[in-house]
Amino acid sequence: TQAPCSTRLRYLYYFLNKGYMIYCLREISPDLIHIHGLTYQTKPFIEACEEMKTNYVVTLHGLNGLNHSVRLPDAEKKYELKELERLLDDNRVVTVVSTGIKRKIFKDYKIPVNNIKIVLNGTGFEPDYSEMKRKKRLFTLLCIGSLSIRKNQLQLLRAFCLLTREEQESIQIYFAGADSDHINMEEAIRAAGCAGHVRYCGFVPREKLRNFWEVADMNVVVSKEEGFGLSMIEGFTLGIPTLTFGDLDAVEDLYHPDVMELIQERTDESVADGIRRAMSRKWRPDVIRKWGKQFSMEAVASNYEKVYQEILSGKD
């Protein structure tokens, strides 16, 4: 089917932008270009680098072609696989942010991963422990991220409704994030009859998120797909554990038994049971903070620098 006019205009802009990219490459003559994503938006940049014989590396934070909640035309999703195959044939380096993504490329796309390197994501989130006020109060769950089908926040609400009245009375949940899929969380909360203990806060500026972290006992990630899980490591830096699904791509690289409670099945009942287990555990913030230190932006920069040096030295 023919793409909408707005989509065609956007694609036209992408390809017109290729000319400016070539101009910049001629003017700057960079040693290496780092490109984020394999979509029609980045396709012109890759083509420009190829035409100008400029070294480049591609980074993927997820796989659009395998994620049903990503709203892209089928042709653009298929492009991801075709381009990954070409990059392999040309021995171009691709980095991914988790072991799980690399495994999916091999298992689901069925292509070798010789040219794929793992560089974990990181956070520059700096905790200020002097501001953290720990008072006796309700057990607080924090769920951060754009309200969407992929982030799957409605399942956490349904799981809360499965808890006993006594359990619900001891919990509060904050959802923070803009509504990107027109889910209307406020109405869902009212319909579930739990407005007294569950609150949708909408978009929260990053500098104000600290107010929520300061009262949080548990970070919750119930996404259907999650390449890395930034909120997990942000929570770790503050000594806050994460409740999440064990099958997420992000888990293998971030998991430690002292910092995560894993949900092994994707049913509402399993999520409710996960909440119960998380509440019953004795978490050690000092151990969690120590684990979180390895996910600093300094570590990310250092790992990418190693990839750049390998490419420029001709090792790959």
When the ring planes of Tyr308 and His34 are compared, do they come out parallel, tilted or perpendicular, using 30° and 60° as the limits? perpendicular
Mutual orientation of the aromatic rings belonging to Phe236 and Phe295 [parallel < 30°, tilted 30-60°, perpendicular > 60°]: tilted
Full working for side-chain contact (heavy atoms from CB on, under 4.5 Å) between Thr244 and Met232: CA-CA 9 Å; Thr244 191; Met232 298 184 193; 3.8 Å; yes
Is there a continuous path of hydrophobic side-chain contacts, each under 4.5 Å between heavy atoms, that joins Leu157 to Phe139? yes
What I want to check is whether the side chains of Ser98 and Asp253 have a donor and an acceptor closer together than 3.5 Å. no
Show me the pairs that pass salt bridge (charged side-chain N to carboxylate O under 4.0 Å, His left out) and involve residues 22-45, at least two apart or across chains. Lys43-Glu47
Closest non-hydrogen atoms of Glu80 and Asn64, given as atom of the first, atom of the second and distance, are OE2-N, 3.0 Å
Give a yes or no answer on whether the side chain of Ser146 reaches the backbone of Gly177 with a donor-acceptor pair at less than 3.5 Å. no
All heavy atoms of Gly37 vs all of Val58, minimum pair found to be O-CG1, 4.0 Å
Reported SG-to-CD1 distance for the pair Cys49 and Ile35, which is rounded to 0.5 angstrom: 4.5 Å
Same apolar cluster (I L V M F W Y, side chains within < 4.5 Å links), Ile263/Leu162: no
Distance (rounded to the nearest 0.5 Å) between Asn121 CG and Ile233 CD1: 5.5 Å
Check whether any side-chain heavy atom of Ile105 sits under 4.5 Å from a side-chain heavy atom of Leu63, and report yes or no. yes
Measure the shortest side-chain to side-chain distance between Met52 and Ile22 over non-hydrogen atoms and say whether it is less than 4.5 angstrom. yes
Are more than 12 heavy atoms, taken from residues, nucleotides or ligands other than Glu166, located less than 6.0 Å from that residue's CD atom? no
Within the side chain of Asp217, is there an N or O that forms a donor-acceptor pair under 3.5 Å with the backbone of Thr140? yes
Under the salt bridge (charged side-chain N to carboxylate O under 4.0 Å, His left out) test, residues paired with Glu76 that sit two or more places apart: none
Step-by-step side-chain contact (heavy atoms from CB on, under 4.5 Å) determination, Leu141 to Gln172: CA-CA 6 Å; Leu141 305 177; Gln172 63 183 355; over 6 Å; no
Looking at side-chain heavy atoms only, is the closest gap between Asn17 and Phe45 below 4.5 Å? yes
Tell me whether Glu225 contacts the main-chain N or O of Gly62 through its side chain, where contact means a donor paired with an acceptor under 3.5 Å. no
Check this for me: does any side-chain nitrogen of one of Asp74 and Lys78 sit under 4.0 Å from a carboxylate oxygen of the other? no
Asp268 vs Val271 side-chain heavy atoms within contact, under 4.5 Å: no
Look at the side chain of Lys117 and the backbone N and O of Val94, then say whether any donor-acceptor pair between them is shorter than 3.5 Å. no
Looking at Asp249, is its backbone amide N or carbonyl O close enough to the side chain of Arg103 to form a donor-acceptor pair, meaning the two atoms are under 3.5 Å apart? no
If you look at every heavy atom in Pro30 and Thr54, which pair is closest and at what distance? O-CG2, 3.9 Å
Any salt bridge linking Glu83 with Arg86? Criterion: basic side-chain nitrogen under 4.0 Å from a carboxylate oxygen. yes
Nearest 0.5 Å, please: how far is SG in Cys201 from CG in Leu142? 8.5 Å
Using modelled atom types and a 3.5 Å cut-off, is there a donor and acceptor pairing between side-chain atoms of Asn115 and backbone atoms of Arg92? yes
Quick one: does Glu226's side chain have a donor or acceptor within less than 3.5 Å of a partner on Val251's backbone? no
Salt bridge (charged side-chain N to carboxylate O under 4.0 Å, His left out) against Glu269, all qualifying residues, sequence neighbours excluded: none
Derivation and outcome, side-chain contact (heavy atoms from CB on, under 4.5 Å), residues Glu234 and Trp213: CA-CA 9 Å; Glu234 289 183 345; Trp213 281 117; 4.0 Å; yes
Report yes or no: do Leu88 and Leu81 belong to one cluster of Ile/Leu/Val/Met/Phe/Trp/Tyr joined by side chain heavy-atom distances under 4.5 Å? no
Could you state the interatomic distance from CD (Gln264) to OG (Ser270), rounded to the nearest 0.5 Å? 9.0 Å
Residues Glu50, Tyr56; criterion side-chain contact (heavy atoms from CB on, under 4.5 Å); working and verdict: CA-CA 9 Å; Glu50 292 282 355; Tyr56 64 92; 2.5 Å; yes
Return yes when atom CD of Glu265 has more than 12 non-hydrogen atoms of other residues, nucleotides or ligands closer than 6.0 Å, and no otherwise. no
Could you verify whether a donor N or O on one side chain and an acceptor N or O on the other, from Glu252 and Thr99, lie under 3.5 Å apart? no
Plane angle bin for His256 and Trp291 - parallel if under 30°, tilted between 30 and 60°, otherwise perpendicular: tilted
For a 4.5 angstrom cut-off between non-hydrogen side-chain atoms, does Lys224 reach Lys151? no
Verify the cluster assignment for Tyr79 and Ile111: are they in a single hydrophobic cluster under the rule of side-chain heavy atoms below 4.5 Å apart? yes
Student check: side-chain heavy atoms of Val119 and Thr59 closer than 4.5 Å: no
Does Leu154 reach the side chain of Ile183, with side-chain heavy atoms less than 4.5 Å apart? yes
Are Val96 and Phe106 in one and the same hydrophobic cluster, where Ile, Leu, Val, Met, Phe, Trp and Tyr link if side-chain heavy atoms are under 4.5 Å apart? yes
Is there a side-chain contact between Leu163 and Ile171 in this structure, where contact means two heavy atoms from C-beta onward sitting under 4.5 Å apart? yes
With no hydrogens and no angle check, is any side-chain donor or acceptor of Ser313 less than 3.5 Å from a backbone partner on Gln309? yes
If every non-hydrogen atom of Leu243 is compared with every non-hydrogen atom of Met218, which pair is closest and at what distance? N-SD, 3.4 Å
Salt bridge (charged side-chain N to carboxylate O under 4.0 Å, His left out) partners for Glu167, two or more places apart: Arg276
Heavy atoms of Asn152 and Ser223 approach each other most closely as CB-CA, 4.2 Å
Any chance you could pull the hydrophobic cluster mates of Tyr20, using side-chain heavy atoms under 4.5 angstrom and chaining through other members? Tyr23
Could you go step by step and tell me if Lys110 and Glu85 meet the salt bridge (charged side-chain N to carboxylate O under 4.0 Å, His left out) rule? CA-CA 10 Å; Lys110 295 180 170 44; Glu85 291 173 332; over 6 Å; no
Which pairs, with at least one residue in residues 168-206 and sequence neighbours excluded, count as a ring pair (Phe, Tyr, Trp, His ring centres under 6.0 Å)? Tyr174-Phe212
Should the pair Asp181-Arg150 be classified as a salt bridge under the 4.0 Å nitrogen-to-oxygen rule? no
To the nearest 0.5 Å, how far apart are CD1 in Ile240 and CG in Asn219? 7.5 Å
Does Arg281 count as lying over the ring of Trp283, i.e. NZ or CZ under 6.0 Å from the six-ring centre, within 45 degrees of the axis? yes
Spacing of CG belonging to Leu120 relative to CG belonging to Leu254, to within rounding of 0.5 Å: 7.0 Å
Is Lys290 atom NZ crowded by more than 12 heavy atoms from other residues, nucleotides or ligands, each under 6.0 Å away? no
Ignoring hydrogens, what is the shortest heavy-atom contact between Ile144 and Ser231? Give both atom names and the distance. CB-CB, 4.4 Å
